[in-house]
Each structure stands twice: as structure tokens, then as C-alpha cells.
Amino acid sequence: MTTDTETDVFEEHRPVLLGVAYRMLGRVADAEDVVQEAWLRWSGGDRSDVRDPRGYLVRVTTRLAIDRLRQIKSRGETYVGPWLPEPYVTDFGDRAPDTAEQAVLADSVSLAVLVVMESLSPLERAVFVLREAFGYPYADIAAMLDRGEAAVRQLAGRARKHVEERRPRYEVDPAQRRDLTERFLAAAGGGDLEALLEMLAPDVRLVGDSGGKARAPLREVAGADKVGRFIIGAARKGLPDFSVRHLEVNGGPALLVLSGGKPDTIFQVDVVDGRIQTVYLIRNPDKLQALDAPAAEEPRTPPASAP
């Protein structure tokens with residue numbers, strides 16, 4: 001049996017463990033499963049020699065996440081259309097009071113970075129997450145992974161280079177992103193293509209993730225005119241009994257579009273030089289189940305229709 005103290009210790013570190021597992025896997029349900037397995041090992045194991053509960057739990061969670069990621073990759077499943085991570089509702093609040101720290105945390109769970117991290121090996125991803133997102137020393141990471149420190153440094157270097165070369169350079173400005181998101185939605189709902197085009201970068205991309213289970217482009221849509229016309233067309237079709245809630249998703253402002261009170265679409269944009277560079281639409285219903293819609297803000301009055 002576990003004592004209240006042992007339970008309290010685990011619950012204290014649960015947010016960190018979930019953060020590690022989600023960054024490793026990009027899937028909320030898988031991350032929660034890994035954390036639950038870590039709890040079973042914590043509650044059922046011999047903890048008499050554990051001097052650093054957080055370090056122990058992070059080590060267990062990381063190894064479980066590596067195993068889960070290897071299983072996922074070994075299945076070689078084919079995904080229909082573009083893949084995006086499962087939306088992860090984030091609210092750093094008092095846990096990241098420093099602006100620079102908050103920017104690092106937000107960047108480490110951004111959709112763009114997680115997409116790039118999908119191409120890392122499980123070990124590279126683990127090292128990258130532990131080092132870049134959580135700031136663990138190389139020696140600690142080496143102990144967690146049962147690897148030599150030199151090997152860990154090599155893995156970290158490869159992973160960092162890979163991510164830096166491929167991740168887009170987006171501004172982390174929540175206020176600007178939220179303002180553009182709201183203006184974008186208003187222009188789309190009002191059918192104002194001209195206003196929409198003024199917000200879009202010439203080389204803007206729209207990435208829609210449906211998994212083949214909802215209506216969304218099966219390829220990226222590129223270019224301001226094509227993206228603008230697609231959004232206007234989608235908005236005109238509308239959704240029955242829809243409402244819009246504001247969320248913080250993957251470290252940035254986003255809109256949750258509901259139809260009949262059920263999550264239908266997550267909408268988020270990335271911004272460069274004051275213009276929208278990337279539009280993300282997540283419509284795969286399997287990826288929207290974990291969203292806690294009632295915990296979001298009260299619905300704001302939406303325009304006549306929504307994408």
C-alpha cells in the first residue's frame with residue numbers, strides 16, 4: 001500500500017512527468033498512459049534507496065516513453081494526410097514567471113517543434129527533451145539513460161542541429177498571435193478575402209490534420225491566395241450550432257471550435273513579422289477527445305460562420 005506522503009510526492013511531480021512524456025510522444029493519451037505506468041512502478045516498487053524522487057520519476061518516465069515511442073515507430077502505421085501533434089492545453093501561469101523561461105517552455109511544446117522532433121530517434125528525442133526543455137545536465141541524462149556522458153553529448157548535438165535546421169523561426173508573442181487569430185476568424189466569418197490576405201504572409205502554409213476522419217486538406221495548402229480562398233470557402237460551409245472558445249494550446253493562443261457542444265477543430269497560427277506564416281487546423285476527432293472544453297473561457301460571440 002502507498003501512504004499519503006508517497007502519493008503526494010508523485011502528484012507533486014506529475015506535471016513534470018506529463019510534460020516529459022508528452023514532448024517525447026506528441027500524444028496526450030500515450031503520455032498519460034506512460035505517467036500511469038510510472039505511478040504503478042513508484043507505488044509498487046522499493047523506494048528505500050531513492051534519494052531524489054523527481055530524478056527517479058523522470059528517469060522511469062523517460063525510459064517508458066522511449067519504449068512506447070519505439071513501439072509506435074515499429075508498427076509503421078500510415079497516417080492519412082499531414083500529421084500534427086495532439087493538442088495539449090498549456091497554462092504555465094506561476095510555474096514560469098520569467099518571460100525568457102516561459103518562451104523556452106512554450107517553444108518546446110509548439111506544434112512546429114514537435115513536428116520536427118518526430119523525425120528524431122527515440123534516444124535523440126529523449127536527450128533533446130531532457131536537455132533543451134528541462135535543462136538537465138549531461139551527466140544526469142547519461143545516468144537516466146544508462147549511457148556514457150560523451151555519447152549523450154553526441155546525441156544532444158545531433159538532435160539540436162536537426163531541430164535548429166528544420167524548425168521555423170516564429171515569434172513568441174501571445175498578444176499579437178491572439179489578436180491576429182481573432183481578426184482572422186472575423187474576416188473568415190465575414191467572407192472578407194481582402195482583409196484575410198492582408199494578414200497572411202505571401203508564403204503562408206495551411207496544415208490540416210484530419211487523419212482521414214474529418215474534412216481537411218490531405219496536403220499542405222501554400223500561398224496567401226490559396227490559403228485565403230480555402231478558409232473563406234470552409235467558413236461559408238459553416239458548422240451546425242457552433243461556438244468558439246479561447247484556449248492556450250501547445251504554448252500559444254488558439255481557438256477551439258465546437259459544433260453542438262463537441263470539439264470540432266483546433267485553430268492556431270504562427271506569426272512572423274506581424275503576419276500569419278502558418279495556419280494549423282486539427283480536426284482528427286481522436287486528437288480532440290482530451291480537450292477540456294468546459295475549462296476554457298466562456299464562448300465569445302462568433303461571426304456568422306466559422307471555418
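Position 1 is the first residue of the sequence, and the numbers go up from there.
- With respect to Arg14 and Glu11, a salt bridge is recorded, a charged nitrogen being found less than 4.0 Å from a carboxylate O.
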For Arg125 and Glu118, what are the C-alpha separation, side-chain angles and deciding distance, and is it a salt bridge (charged side-chain N to carboxylate O under 4.0 Å, His left out)?
CA-CA 8 Å; Arg125 190 160 181 167; Glu118 277 292 295; 2.8 Å; yes

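- Atom CZ in Arg68 sits 6.0 Å away from atom CD in Gln71 (nearest 0.5 Å).
- Between Lys287 and Asp209, at least one side-chain nitrogen of the basic residue sits less than 4.0 Å from a carboxylate oxygen of the acidic one, meeting the salt-bridge criterion.
- Using a 4.5 Å cut-off on side-chain heavy atoms (C-beta onward), Leu193 and Arg229 make contact.
- A distance of 7.0 Å separates CE in Met199 from CG in Leu180, rounded to the nearest 0.5 Å.
- Linking Ile, Leu, Val, Met, Phe, Trp and Tyr whenever their side-chain heavy atoms come within less than 4.5 Å puts Val50 and Leu40 in one cluster.
- At least one cation-pi condition fails for Arg131 and Tyr136: the charged atom is not both under 6.0 angstrom from the six-membered ring centre and inside a 45 degree cone around its axis.
- For Pro87 against Leu291, the heavy-atom pair with the smallest separation is CB-CD2, 4.2 Å.
- In plain terms, the two heavy atoms of Gly211 and Asn284 that are nearest each other are CA-ND2, 3.8 Å.
- For Leu18 against Ala31, the heavy-atom pair with the smallest separation is CD1-CB, 3.8 Å.
- Residues passing the side chain to side chain donor-acceptor pair (under 3.5 Å) test with His162, sequence neighbours excluded: Ser119, Arg166.
- Using a 4.5 Å cut-off on side-chain heavy atoms (C-beta onward), Pro253 and His246 make no contact.
- When each of Val269, Ile231, Val227 is paired with Leu200, the side-chain contact (heavy atoms from CB on, under 4.5 Å) condition holds for Val227 and for no other.
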Enumerate, atom names and distances included, each donor-acceptor pair closer than 3.5 Å involving a side-chain atom of residues 142-154, sequence neighbours excluded.
| unit_1 | atom_1 | unit_2 | atom_2 | d |
| --- | --- | --- | --- | --- |
| Asp146 | OD1 | Arg63 | NH2 | 3.3 |
| Asp146 | OD2 | Arg63 | NH2 | 2.9 |
| Arg147 | NH1 | Leu145 | O | 3.2 |
| Glu149 | OE2 | Arg153 | NE | 3.4 |
| Glu149 | OE2 | Arg153 | NH2 | 3.2 |

List the steps, then state whether side chain to side chain donor-acceptor pair (under 3.5 Å) holds for Tyr22 with Asp30.
CA-CA 8 Å; Tyr22 175 75; Asp30 284 343; over 6 Å; no

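- Arg275 meets the salt bridge (charged side-chain N to carboxylate O under 4.0 Å, His left out) test with no other residue; sequence neighbours excluded.
- Between Arg27 and Glu86 no salt bridge is recorded (no basic side-chain N to carboxylate O distance below 4.0 Å).
- Looking only at side-chain heavy atoms (C-beta outward), Glu37 and Thr61 stay at 4.5 Å or farther from each other.
- For the pair Arg70/Asp67, a side-chain contact is recorded, criterion being any heavy-atom separation below 4.5 Å from C-beta on.
- Counting heavy atoms from C-beta on, the side chains of Leu206 and Pro217 come closer than 4.5 Å.
- For the atom pair NE2 (His13) and CH2 (Trp39), the distance works out to 12.5 Å, reported to the nearest 0.5 Å.
- Without hydrogens or angle criteria, Glu132 side chain to Val129 main chain gives no donor-acceptor distance under 3.5 Å.
- In this structure, Gln268 CD and Ile276 CD1 are separated by 11.5 Å, a value rounded to the nearest 0.5 Å.
- Taking all atoms of both residues into account, the shortest heavy-atom contact from Leu69 to Pro122 is CD2-CA, 3.7 Å.
- Atom CZ of Arg160 and atom CG of Leu120 lie 12.0 Å apart (nearest 0.5 Å).
- Counting only heavy atoms from C-beta outward, the side chains of Phe134 and Arg23 approach each other to under 4.5 Å.
- Between Tyr88 and Val249, every side-chain heavy-atom pair lies at or beyond the 4.5 Å cut-off.
- Atom CD of Glu194 is surrounded by 12 or fewer heavy atoms from other residues, nucleotides or ligands within 6.0 Å.
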Hey, mind stepping through Thr265 and Arg283 against side chain to side chain donor-acceptor pair (under 3.5 Å) and telling me if it holds?
CA-CA 5 Å; Thr265 306; Arg283 303 205 66 211; 3.0 Å; yes

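- Evaluated for a side-chain contact (heavy atoms from CB on, under 4.5 Å) with Ile266, the options Leu247, Val257, Leu281 yield exactly one hit, Leu247.
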